[in-house]
Amino acid sequence: MSEIFVEAQAGGLYGLCAGPRDARKIGLSGVSQASFVAKSIGRFGFQCGLVSGVFTMTHCGLQRYRGKNDWVNALVGGAVAGAAVAISTRNWTQVVGMAGLVSAFSVLANCTRTENPNNTN
């Protein structure tokens, strides 16, 4: 559960960095810029936390259902999380592309992580 909060914090940090740049692009300054940045922090933090939550629930649910902790769980979890991100575009090309991209990164991250030899899972 803590990884969801970490992802949400990472998204908020991205919003903190991207918000001022985007505000300057559209010509905001002062209080309106600060409001735009605050909304960006909240929006990006929520989106990253949501994606992390969807991935974690799918990955762990599959792991529990299948009784295996392998790359298939990461593949399906990444595909579901990627589709959840892109579904708001209502463009199937983008949904499939984002599902594939997040799925590939999820499998890569799952395969390259170091295992704890004391872990009994």
Side-chain angles (χ1 to χ4, degrees):
M1 191 68 162
S2 67
E3 50 193 49
I4 295 171
F5 296 116
V6 170
E7 292 297 324
Q9 289 172 349
L13 184 61
Y14 178 79
L16 181 64
C17 296
R21 182 199 61 202
D22 293 342
R24 282 191 301 272
K25 270 185 173 178
I26 59 175
L28 297 176
S29 63
V31 174
S32 58
Q33 181 181 10
S35 174
F36 184 85
V37 170
K39 289 177 185 176
S40 293
I41 292 169
R43 184 177 64 244
F44 284 117
F46 177 75
Q47 287 173 346
C48 288
L50 180 67
V51 170
S52 179
V54 168
F55 173 79
T56 301
M57 287 177 54
T58 306
H59 184 272
C60 291
L62 280 172
Q63 181 178 345
R64 187 172 192 164
Y65 177 75
R66 294 178 64 233
K68 297 179 181 177
N69 185 15
D70 59 1
W71 63 270
V72 176
N73 300 338
L75 180 80
V76 175
V80 171
V85 171
I87 197 72
S88 65
T89 65
R90 298 177 191 242
N91 181 342
W92 284 109
T93 305
Q94 290 182 356
V95 171
V96 170
M98 184 60 78
L101 182 69
V102 174
S103 183
F105 279 120
S106 299
V107 170
L108 180 66
N110 189 54
C111 291
T112 59
R113 72 170 188 227
T114 57
E115 293 292 329
N116 183 356
N118 297 328
N119 193 357
T120 59
N121 289 341

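Quantities reported herein were computed from a predicted structural model and do not represent experimental measurements.
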- Message: Suppose we screen for side-chain contact (heavy atoms from CB on, under 4.5 Å). Which residues come up paired with Arg43, at least two apart in sequence or across chains?
- Response: Ser40, Gln47
- Message: For Gln94, give me all partners under side-chain contact (heavy atoms from CB on, under 4.5 Å), at least two apart in sequence or on another chain.
- Response: Thr89, Asn91
- Using the rule that two of Ile, Leu, Val, Met, Phe, Trp, Tyr join whenever any of their side-chain heavy atoms come within less than 4.5 Å, decide whether Phe55 and Val80 are in one cluster. no
- Message: Taking transitive links into account, so neighbours of neighbours count too, which hydrophobic residues share a cluster with Ile41 at under 4.5 Å side-chain distance?
- Response: Leu13, Leu16, Val37
- When clusters are formed from ILVMFWY side-chain contacts under 4.5 Å, directly or step by step, what else is grouped with Trp92? Ile87, Val95
- Specify the closest pair of heavy atoms between Met98 and Ala86, including all atoms of both residues, with the distance to one decimal. CB-CB, 3.7 Å
Side-chain polar contacts of residues 70-77 - donor-acceptor pairs under 3.5 angstrom, sequence neighbours left out - could you list them?
unit_1	atom_1	unit_2	atom_2	d
Asp70	OD1	Arg66	NH1	2.8
Asp70	OD1	Val72	N	3.4
Asp70	OD2	Arg66	NH2	3.3
Asn73	OD1	Arg66	NH1	2.8
Asn73	ND2	Lys68	O	2.7

Using distance only, find each side-chain donor-acceptor pair of residues 19-32 under 3.5 Å and give its atom names and separation, not counting sequence neighbours.
unit_1	atom_1	unit_2	atom_2	d
Ser32	OG	Ser29	O	2.9

- Query: Is there side-chain contact between Cys48 and Tyr14, with heavy atoms separated by less than 4.5 Å?
  - Reply: no
